[in-house]
Amino acid sequence: MSLGKILLYYKFTPIADPEAVRLWQRDLCESLGLRGRILVSRHGINGTVGGEITACKRYIKKTREYPGFKGMEFKWSEGGAEDFPRLSVKAREEIVAFGAPEELRVDERGVIGGGVHLKPHEVNELVENRGEEVVFFDGRNAMEAQIGRFKNAVVPDVRTTHDFIAELESGKYDALKDRPVVTYCTGGIRCEVLSALMRNRGFKEVYQIDGGIVRYGEAYGNKGLWEGSLYVFDRRMTMNFGIDPARLGRCVHCGEHTTSFRNCANEETCRRQVLICDSCWNGEDGGETIRYCGRKECAQGS
Ligand SMILES: [Zn+2]
Ligand SMILES: [Zn+2]
């Protein structure tokens, strides 16, 4: 049995017929035995697929044959097809759901009017040169920032990416419109869109980090401007960039340090992911099991 791998990738490029690309990608993945999730829209493609290493290599080669995907970067990660329940290839209005498909514009070079891309060392240079004037702006869901974020980052109050536009138009961040703002997210895709939405709303100097937190963390570990752990959307749940990261997350019930997100036991109307430590969740040390999010609306589950 050969070794498996996971590929992560995205590209913003005009796609005239997303449905045709969807069918081609589905057939390609099926023929190679790859599993995972791929979204295609008229703005581009966003995918995470896993399979045997030779199949992954072949997938990259074939996918890059499509003119719009020529030169697309693929990030390799540990894992394989078994990390995904099935293959899902969909055509949607957006590859990242900000609820702004008509506003986003792309050409062959990517998103039009997005923030300036900074490499990890350029992020540090910007902060060295401009000091406290620089603001880090979290482009993720607020929950993700509970366990890790850039130093002194602004964390917008959003539950999903859909909430960003209302948040940006609320006036709360108007004071940042004349300051250098560095947007960041896990792997960079959300900020491709977010930084353009911000510029469209009057933020004058907007940046985004090439490769997102992942690439910054790989470059600087725990010794740069990033603090804490990174929330990730696979079964690992969190990852760290070195031993002994800053411990920012705290259990909503007892206040102990933890990085364990759990779904509220009220699955009907809540399902919020909140930080609950092992002791509270499992009722260790003679305590009772607490499996709800802590809000009044949610009764204790079991
Ligand atoms: Zn606890
Ligand atoms: Zn709840």
Side-chain angles (χ1 to χ4, degrees), residues 37 39 48 83-86 88 92 94 96-99 136-170 172-173 184-187 189-190 194 213-214 217 221-222 226-302:
R37 289 179 297 270
L39 289 179
T48 311
D83 288 298
F84 303 93
R86 68 185 76 83
S88 158
R92 287 272 169 83
E94 298 177 287
V96 208
F98 278 87
F136 286 98
F137 194 89
D138 205 304
R140 303 171 298 162
N141 305 329
M143 173 267 281
E144 298 171 59
Q146 289 173 5
I147 59 168
R149 53 192 174 260
F150 273 89
K151 232 165 232 170
N152 303 319
V154 168
V155 179
D157 182 19
V158 299
R159 271 192 79 187
T160 76
T161 311
H162 254 286
D163 300 334
F164 266 109
I165 289 184
E167 189 73 358
L168 289 174
E169 293 177 352
S170 69
K172 282 190 222 174
Y173 309 103
Y184 66 89
C185 57
T186 315
I189 184 169
R190 287 181 274 185
L194 175 65
I213 300 161
V214 169
N222 297 326
W226 170 259
E227 294 178 328
S229 304
L230 175 63
Y231 180 92
V232 290
F233 294 85
D234 59 40
R235 60 182 180 186
R236 292 172 299 171
M237 297 294 286
T238 63
M239 62 175 284
N240 294 309
F241 299 112
I243 52 162
D244 212 14
R247 301 171 78 196
L248 305 184
R250 288 182 182 275
C251 173
V252 293
H253 297 298
C254 72
E256 276 302 306
H257 286 295
T258 183
T259 57
S260 297
F261 283 103
R262 329 256 189 184
N263 288 312
C264 175
N266 175 6
E267 286 181 13
E268 307 256 301
T269 61
C270 182
R271 270 178 318 213
R272 276 179 171 75
Q273 281 193 308
V274 292
L275 289 169
I276 301 178
C277 76
D278 292 345
S279 292
C280 290
W281 186 258
N282 297 319
E284 289 167 358
D285 306 326
E288 56 174 326
T289 59
I290 310 178
R291 298 192 165 179
Y292 64 102
C293 68
R295 296 183 313 138
K296 277 204 200 81
E297 306 87 301
C298 296
Q300 165 70 299
S302 57

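Numbering starts at 1 and runs along the sequence shown. Small disclaimer: the values here were computed from a predicted structure and weren't measured. Just so you know, ligand 1 is whichever comes first in the structure, and atom 1 is the first atom listed for that ligand.
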Asker: Under 6.0 Å between the ring centres of Phe137 and Tyr184?
Answerer: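 Centroid distance Phe137-Tyr184: not below 6.0 Å, so no.
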Asker: Ignoring waters, how many protein N/O/S atoms are under 2.8 Å from the Zn ion (ligand 1)?
Answerer: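 For the Zn ion (ligand 1), protein nitrogen, oxygen or sulfur atoms under 2.8 Å: 4.
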Asker: Looking at Arg149 and Glu227, is any side-chain nitrogen of the basic one under 4.0 Å from a carboxylate oxygen of the acidic one?
Answerer: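 Not counted as a salt bridge, because no side-chain N and carboxylate O are separated by less than 4.0 Å.
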Asker: Angle at the Zn ion (ligand 2), SG of Cys270 to SG of Cys293, rounded to 10 degrees, please.
Answerer: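 Once rounded, the angle between the two atoms at the Zn ion (ligand 2) is 110°.
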Asker: Determine, for Asp278 against Arg262, whether the closest basic-nitrogen to carboxylate-oxygen distance falls under 4.0 angstrom.
Answerer: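 A salt bridge is present here (some side-chain N lies under 4.0 Å from a carboxylate O).
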Asker: Quick check for you: with the Zn ion (ligand 2) as the vertex, what angle do SG of Cys264 and SG of Cys298 span, to 10°?
Answerer: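 Answer comes to 110°, rounded to 10°.
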Asker: Regarding Tyr173 and Glu167, do their side chains bring together a donor and an acceptor under 3.5 Å, going by distance alone?
Answerer: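 Side-chain D/A pair, Tyr173 to Glu167: present.
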Asker: Would you tell me whether Glu297 and Tyr292 have side-chain atoms, one donor and one acceptor, within less than 3.5 Å of each other?
Answerer: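 No, no side-chain donor-acceptor contact under 3.5 Å.
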Asker: On a heavy-atom basis, which atom in Val214 and which in Phe241 lie closest, and how many Å separate them?
Answerer: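 The pair with the smallest heavy-atom distance is O-CE2, 3.9 Å.
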Asker: If I take atom SG from residue Cys280 and atom CZ from residue Arg291, how far apart are they, to the nearest 0.5 angstrom?
Answerer: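 Rounded to the nearest 0.5 Å, the SG-CZ separation comes to 11.5 Å.
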